[in-house]
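Some notes on the structure that comes next.
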Protein chains: 2
Amino acid sequence: MSQKGAGIDLDKSLGYLLKEASSALRTAMEEVLRPLGMSVTHYSCLELLAQRPGLSNSELARGAFVTRQTMNVLLQTLEREGYVTRPAEAAVGKVLPARLTPSGRRSLEKATVAVRSVEVRMLAGMTEAEQAHAFRSLQSMIGSLRERDEDAS
Amino acid sequence: MSQKGAGIDLDKSLGYLLKEASSALRTAMEEVLRPLGMSVTHYSCLELLAQRPGLSNSELARGAFVTRQTMNVLLQTLEREGYVTRPAEAAVGKVLPARLTPSGRRSLEKATVAVRSVEVRMLAGMTEAEQAHAFRSLQSMIGSLRERDEDAS
DNA sequence: CAGCGTATGTCAGAATACTGACATGAGTCA
DNA sequence: TGACTCATGTCAGTATTCTGACATACGCTG
């Protein structure tokens, strides 16, 4: 912070760079997913379900970083198109565990290949050690940002 | 990549973590900017103009990672509310250089303090060296992601 | 048991950002 | 000069996501 009242120097701000990186990643993902007729949120939902079958709408929303309302309309679409199934009524409480259909699994496979290629490209030029370091740094930032939120609630 | 066809392990994916960090940062910024009646994009625009007066609509859009159409409606709002001024017609070409008004500068000052506190909180627990390392890693990722885009165009 | 706080699924409306399209001006090149 | 390409500002329509609100279901605590 060498400047007094000149605001935040965007060229040196980690926050700005984080936003820039995230934007570049999202754009790159959109590019490879578009030919498959799939959006990033769309893909995120399927990938989450593949790894943790039975996740509820709200849990999927948190995992994809959208509101549960947004995830709900997406799930309804995916359900209508036959990629996902949910029981008609909850076995316990209101939670409706969602699962991939075989069709959904097939659709996801192609998308995963595409997304993996983007991630590989993103990490090109970084050593394993650098990647591990970046991983820890991002985790540290996330943890620090969330500490205060919990206090507030 | 130790797994065969099980998709991308979200718990170990730098891409997922990047999205998570960016989401946490955006949420934290929204929290501190809301009391000031300002959105993140709103703030980004003002901050960009403070540091690089005379930026055009399209340049601002690129700097804030939105389309120029989106930035255009935002600029029209900011202009109507007296935070920004643009000449009625272009001196050369179609480019209309935008500038902050004194009112816009005052509004930005408060927002900058709030946003800076978020960035400070995010970096708490990281040494200068770690921050520098993270900075280089993010720059590397951005560069790698963009290389291919340029080839495609 | 009754009350309270919390979490969920869902509907509806508002805000936000995007894609598509058009006209205009600058630069390049034959 | 004329044709072509590219970038810009802007309008319109669409899509996506969010905020607000409600009913319901669980767990805890007195």
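Everything quoted here is computed from the prediction, not taken from an experiment. Lettering follows sequence order; numbering is per chain, from 1.
- Defined by atom type and a distance below 3.5 Å, a donor-acceptor pair is missing between the side-chain atoms of A:S44 and A:E47.
- A straight line from CG of B:L74 to P of C:dT16 spans 10 Å, rounded to a whole angstrom.
- Remark: A:H42 pairs with no residue by the ring pair (Phe, Tyr, Trp, His ring centres under 6.0 Å) rule, at least two apart or across chains.
- For the residue pair B:E119 and A:S13, a side-chain donor N or O sits within less than 3.5 Å of a side-chain acceptor on the partner.
- Taking atom CD of residue B:E89 and atom P of nucleotide D:dT8, one finds them 20 Å apart after rounding to whole Å.
- Residue A:L74 holds its CG atom at 13.5 Å from CD of A:Q69, rounded to the nearest 0.5 Å.
- Taking the salt bridge (charged side-chain N to carboxylate O under 4.0 Å, His left out) definition, one finds that A:R26 meets it with A:E30, sequence neighbours left out.
- Using a distance-only test at 3.5 Å, with no hydrogens or angles considered, no donor-acceptor pair links the side chain of B:Y43 to the main chain of B:T112.
- In the model, B:E20 has no side-chain atom that pairs as donor or acceptor with a side-chain atom of B:S23 under 3.5 Å.
- A side-chain N or O of A:T67 and one of A:T70 form a donor-acceptor pair less than 3.5 Å apart.
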With 3.5 Å as the limit, what N/O pairs link the protein to nucleotides 2-6 of chain D?
none

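- Comparing the local axis fitted to the first five base pairs of the helix from C:dC1-D:dG30 to C:dA30-D:dT1 with the one fitted to its last five gives a bend of 30°, rounded to 10°.
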B/S/- contact track for nucleotides 9-22 of chain D, protein heavy atom under 4.0 Å: BBB-----SBBBB-
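- Residue pairs meeting the side chain to side chain donor-acceptor pair (under 3.5 Å) criterion with at least one member in residues 83-100 of chain B, sequence neighbours excluded, are B:E79-B:R86.
- Taking CG of A:L60 as the reference point, atom OG1 of A:T41 lies at 12.0 Å (rounded to 0.5 Å).
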